[in-house]
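Please read the structure below before turning to the comments.
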Amino acid sequence: MQLSEQEILRRENMEKLRELGIDPFPPEAFDVTAYAKEIQEEFNDEGDKPNFQDVSLAGRLMGSRVMGKASFAELQDSTGRIQVYIARDEICPGEDKDMYNKVFKKLLDIGDYIGVKGHVFRTRMGEITVHVTELKVLGKTLSPLPVVKRDEEGNVYDAFTDPEQRYRQRYLDLTVNPHVREIFIKRSRLVSAMRRFFDDRGWLEVETPILQPIHGGAAARPFKTHHNTLDMPLYMRIANELYLKRLIVGGFEGVYEIGKMFRNEGMDRTHNPEFTSMEIYVAYKDYNWMMEMVEKLLEYIAIEVTGHTKVEYEGNLINYAGPYRRLTMYESIEEYTGIDISGMDEAELRATCKKLHVEVDESMGRGKLIDEIFGEKVEANLIQPTYITDYPIEMTPLAKKHRSEPGLVERFELFVNGKEIANAYTELNDPIDQRGRFEEQLKLAARGDEEAMALDDAFLRSLEYGMPPTSGLGIGIDRLTMLMTNQHSIQEVLFFPQMRPQKKQEEAPEDTAE
RNA sequence: GAACCCGUAGCUCAGUUGGCUAGAGCACUUGACUUUUAAUCAAGGGGUCCUGGGUUCGAGCCCCAGCGGGUUCACCA
């Protein structure tokens with residue numbers, strides 16, 4: 001590998017540290033007693049007894065301003081940055097001035113881990129600063145970090161913004177871009193808030209198979225793999241619904257799973273091949289109950305993550321406090337197109353699609369046609385949280401028939417900012433009806449619908465042993481995180497979004513010297 | 001999968017109709033400076049202009065192909 005000038009220099013600095021008897025990668029622990037953010041927020045220099053008079057901090061050296069025998073430097077720990085003041089005669093009280101003249105001034109580079117001990121004070125310029133009396137090298141960096149500078153007005157210079165580099169070397173992104181770090185902290189808070197909400201209600205977090213013999217529970221193209229010992233194909237799960245329902249059959253009253261799903265489809269601003277979903281099933285409930293539960297859940301999450309029930313997204317202030325507006329699928333289409341499609345058969349729907357300039361093809365059944373109209377004409381208008389309820393039966397083979405409306409099922413989807421973020425049913429627990437629905441899906445598949453669902457005999461068998469009336473819900477965690485953090489790309493809420501493999505370094509052709 | 005845009009120093013970017021030895025700031029090196037803060041001042045090093053072809057007296061710039069990235073669309077959550 002060809003080393004850059006700066007990489008060579010850093011390796012030389014590492015060796016020079018060793019020559020001075022300093023281990024550039026010391027094994028022993030360093031005792032941390034204070035953090036940058038804590039000091040910035042809590043330091044009080046008024047009165048006779050300022051606090052933080054004996055502190056020990058560790059982190060990366062992120063910049064230094066050397067002024068001869070005294071210097072200021074930036075220390076960045078897991079909580080933020082703080083200035084440190086290093087005077088030669090303070091860290092080198094004796095005759096030996098190597099620690100300042102050589103180690104600090106020459107051999108330390110931006111990014112190196114150091115530990116400092118000292119006391120906190122405020123400089124003439126008013127900056128809260130750690131006055132260092134002891135300096136210790138905790139770890140050398142051999143590659144130069146991107147250097148991002150900010151001035152007093154907060155203007156950023158030389159920002160590290162190239163998406164490819166940021167995603168491929170996320171550790172650098174996290175090191176130099178504090179706002180990126182914030183997004184992932186919020187993501188973690190979101191997931192833990194959700195977990196807490198469910199746990200507090202006594203529902204059980206479970207894990208179900210990722211490798212499945214039949215990819216059921218949703219309509220999507222799967223990743224296929226192979227198990228050697230069993231010599232059989234296995235699929236990475238596209239959904240976990242059919243397994244979670246088996247646990248409800250087994251007697252758990254509420255089960256939920258937060259985990260990765262895998263879909264072998266396109267990648268773009270809102271799709272990654274693997275993504276995180278939360279699915280929950282609660283016995284003896286229906287979709288009306290579930291709508292109220294989701295309102296409480298999202299309001300709770302919004303407060304836990306952002307501190308408010310109203311959260312800005314793409315210039316819209318989204319209000320997560322319930323109750324949310326509810327529209328049936330038919331009502332929503334009538335509202336945004338002026339056309340009542342509730343009584344239409346397939347041929348009339350097809351004509352309506354044409355009139356509305358909605359593109360359709362021959363494989364589409366009645367449900368799919370309605371879904372196309374909805375997707376084209378309604379979806380983008382649903383900015384504030386809105387429930388769309390009561391979907392055509394053809395689109396939803398796992399939901400129970402509507403209690404009063406023939407041809408519909410008890411299903412809702414929640415839309416925020418024109419995007420679906422949750423999907424829920426009163427679950428179908430009649431095994432005979434369920435088998436019939438699967439058979440309808442097989443017919444759609446035969447007609448050319450690639451998204452039609454596969455029939456799962458093991459799941460049907462479990463229903464025959466009796467599943468209590470149940471409501472189920474799925475929420476896309478990545479998309480919810482995007483909403484709660486005002487991010488517009490799924491890649492910004494995934495630590496390591498899927499990328500093309502990096503171009504390999506080509507082998508140098510074997511030149512024959514002349 | 002399709003269209004459009006982009007690729008110049010470690011980072012962020014200039015680079016004129018195609019014309020001298022390819023530039024700036026930061027980073028880096030050397031020196032000065034004991035309360036600075038995008039520290040400052042002085043001097044200096046650093047480039048396969050993504051790769052491979054082509055046009056031309058001459059290509060960072062024009063043409064073709066490839067690689068990588070971004071954006072939009074389609075599919076999906």
Side-chain angles (χ1 to χ4, degrees), chain A residues 2-10 12-13 62-74 81-91 100 105-106 109-111 121-129 131 143-168 172 176 218-221 238-239 261-279 359 371-372 375 413-415 419-423 450-451 474-480 482 488-491 499-506 508-509:
Chain A
Q2 192 72 35
L3 292 177
S4 72
E5 181 198 26
Q6 293 190 36
E7 287 167 329
I8 293 165
L9 280 162
R10 281 161 183 257
E12 288 172 2
N13 287 347
M62 294 303 283
S64 62
R65 298 177 283 280
V66 178
M67 296 160 300
K69 299 181 189 66
S71 303
F72 289 92
E74 299 291 328
R81 285 193 187 189
I82 191 160
Q83 177 169 267
V84 297
Y85 173 74
I86 300 174
R88 187 193 68 182
D89 297 335
E90 303 257 2
I91 66 165
Y100 186 79
K105 276 173 70 174
K106 302 285 178 194
D109 295 298
I110 286 179
F121 74 114
R122 193 182 288 273
T123 65
R124 273 182 218 155
M125 304 300 287
E127 178 99 5
I128 293 169
T129 302
H131 188 128
S143 292
L145 244 43
V147 177
V148 179
K149 297 210 164 194
R150 286 172 185 79
D151 67 16
E152 268 179 66
E153 284 91 46
N155 298 317
V156 177
Y157 300 83
D158 301 332
F160 183 63
T161 55
D162 176 31
E164 179 181 6
Q165 290 188 63
R166 287 183 49 233
Y167 302 152
R168 286 194 197 281
L172 294 181
V176 304
R221 284 156 64 197
I238 56 173
M261 303 298 153
F262 307 86
R263 298 191 182 176
N264 205 344
E265 294 173 341
M267 295 162 52
D268 64 22
R269 207 171 82 252
T270 54
H271 297 84
N272 196 65
E274 57 182 280
F275 63 101
T276 303
S277 95
M278 187 294 301
E279 290 211 17
E359 282 187 35
D371 191 39
E372 291 292 318
E413 292 188 310
L414 176 63
F415 290 84
K419 301 269 164 51
E420 179 205 334
I421 66 155
N423 182 22
E450 290 180 8
E451 296 173 7
I475 293 180
I477 297 293
D478 311 287
R479 292 197 177 168
L480 186 58
M482 288 165 66
H488 312 266
S489 158
I490 196 169
Q491 296 171 310
M499 316 251 324
R500 281 199 176 78
Q502 207 157 7
K503 188 181 157 191
K504 282 180 191 163
Q505 202 75 27
E506 282 180 34

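Residue numbers begin at 1 in each chain, while the letters A, B, ... track the order of the sequences.
- Going from the P atom of U71(B) to that of U35(B) covers 48 Å, rounded to whole Å.
- OP1 or OP2 of A39(B) has at least one side-chain nitrogen or oxygen of R65(A) nearer than 4.0 Å.
- Each of C75(B), U36(B), U35(B) was ranked by its minimum atom distance to the side chain of D268(A); first place goes to C75(B).
- Following rounding to the nearest Å, K69(A) (NZ) and G31(B) (P) show an atom-to-atom distance of 14 Å.
- Among the nucleotides A77(B), U29(B), U34(B), the one closest to any side-chain atom of L9(A) is U29(B).
- Both P144(A) and I110(A) sit near RNA chain B, but only P144(A) has its closest nucleotide nearer the 5' end.
- Checking A77(B), U36(B), A27(B) against the side-chain heavy atoms of M67(A) singles out U36(B) as nearest.
- Counting only heavy atoms from C-beta on, Y85(A) has its side chain closest to U34(B) among U29(B), U34(B), A77(B).
- Across the strands present, G1(B) finds its partner in C73(B); the criterion is a Watson-Crick or G-U wobble pair with both atom distances under 3.5 angstrom.
- Rounding to whole angstrom units, CD of residue E274(A) and C1' of A77(B) are separated by 14 Å.
- Among the atoms of the strands shown, none is found under 4.0 Å from any heavy atom of N264(A).
- Taking a centre distance below 5.5 Å and an interplanar angle below 30 degrees as the stacking criterion, F72(A) does not stack against the six-membered base ring of A39(B).
- By the salt bridge (Lys or Arg N to Asp or Glu O under 4.0 Å) test, R166(A) is found to be paired with D173(A), E492(A), residues two or more places apart in sequence or in another chain being considered.
- In this view, D371(A) satisfies the salt bridge (Lys or Arg N to Asp or Glu O under 4.0 Å) rule with no residue, not counting sequence neighbours.
- An OP1 or OP2 oxygen of U12(B) is reached within less than 4.0 angstrom by no side-chain nitrogen or oxygen of K149(A).
- Between the side chains of N272(A) and D478(A), no donor-acceptor pair of N or O atoms lies under 3.5 Å.
- Rounded to whole Å, atom C1' of A9(B) lies 13 Å from atom CD of E7(A).
- Both distances falling under 3.5 Å, in either a Watson-Crick or a G-U wobble arrangement, occur for no nucleotide opposite U21(B).
- The separation of A2(B) from G54(B), taken at their C1' atoms, amounts to 28 Å, rounded to a whole angstrom.
- K105(A) has its NZ atom 17 Å from the P atom of A39(B), to the nearest Å.
- Taking the P atoms as reference points, C20(B) lies 40 Å from A32(B), given to the whole Å.
- Residue contacts shown for E90(A) are absent, as no nucleic acid heavy atom lies under 4.0 Å away.
- With contacts defined as side-chain heavy-atom distances shorter than 4.5 Å, the pair P146(A)/L172(A) qualifies.
- The residue E420(A) sits close only to the backbone: its heavy atoms come under 4.0 Å of sugar-phosphate atoms, none of a base.
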Under 3.5 Å, N/O pairs linking protein and nucleotides 40-46 of chain B:
residue: G45(B); atom: N2; partner: E5(A); partner atom: OE1; Å: 2.5

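- Heavy-atom nearest nucleotides on RNA chain B were determined for F121(A) and for I421(A), and the one closer to the 5' end corresponds to F121(A).
- With distances taken from any side-chain atom of R269(A) to the nucleotides A27(B), C28(B), U72(B), the minimum falls on U72(B).
- Using P as the reference atom, C73(B) and U29(B) are 47 Å apart when rounded to the nearest Å.
- Pairing for A65(B) is with U51(B), a Watson-Crick or G-U wobble pair whose two hydrogen-bonding atom distances lie under 3.5 Å.
- Across all strands shown, D89(A) has heavy atoms under 4.0 Å from base atoms, whether or not it also approaches the sugar-phosphate.
- Closest to the side chain of R263(A), from the set G68(B), U36(B), A77(B), is A77(B).
- Within the 3.5 Å criterion, the main-chain N or O of Q491(A) finds a donor-acceptor partner in the side chain of S489(A).
- C61(B) and C50(B) are spaced 15 Å apart, taking the C1' atom of each and rounding to whole Å.
- Residues that satisfy the side-chain hydrogen bond (donor to acceptor under 3.5 Å, both in side chains) test with E74(A), not counting sequence neighbours, are R65(A).
- Under the 30°/60° scheme for interplanar angles, the aromatic rings of F121(A) and Y85(A) are found to stand perpendicular.
- Closest to the side chain of Q491(A), out of C11(B), G70(B), C26(B), is G70(B).
- For E90(A), the salt bridge (Lys or Arg N to Asp or Glu O under 4.0 Å) criterion is met by no residue, not counting sequence neighbours.
- Taking atom CG of residue N272(A) and atom P of nucleotide A77(B), one finds them 15 Å apart after rounding to whole Å.
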Query raised in the report: Checking side chain to side chain contact (heavy atoms under 4.5 Å, CB included) for the pair K106(A)/N13(A): CA distance, chi angles, key distance, verdict?
Result: CA-CA 8 Å; K106(A) 302 285 178 194; N13(A) 287 347; 5.8 Å; no

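- Side-chain proximity of K106(A) to A77(B), A74(B), G31(B): nearest is G31(B).
- Rounded to whole Å, the separation between the P atoms of U51(B) and A59(B) comes to 15 Å.
- Listed by chain and number, the residues in a salt bridge (Lys or Arg N to Asp or Glu O under 4.0 Å) with R122(A) are D45(A) (sequence neighbours excluded).
- Nucleotide C41(B) is matched to G31(B) when pairs are restricted to Watson-Crick or G-U wobble geometry with both distances under 3.5 angstrom.
- Between the C1' atoms of U8(B) and A22(B), the separation comes to 9 Å (whole Å).
- For the pair R221(A) (side chain) and E265(A) (backbone), a donor-acceptor distance under 3.5 Å is absent.
- Rounded to the nearest Å, the gap between the P atom of U55(B) and that of A14(B) is 31 Å.
- For D109(A), counting side-chain heavy atoms from C-beta on, the closest listed nucleotide (U29(B), U35(B), A77(B)) is U29(B).
- For A70(A), counting side-chain heavy atoms from C-beta on, the closest listed nucleotide (A77(B), U29(B), U34(B)) is U34(B).
- Rounded to an integer number of Å, the gap from Y167(A) OH to G70(B) P is 7 Å.
- Rounded to whole Å, the distance from NE2 on H131(A) to C1' on U36(B) is 14 Å.
- In this structure, E372(A) places its CD atom 10 Å from C1' of C75(B), rounding to the nearest Å.
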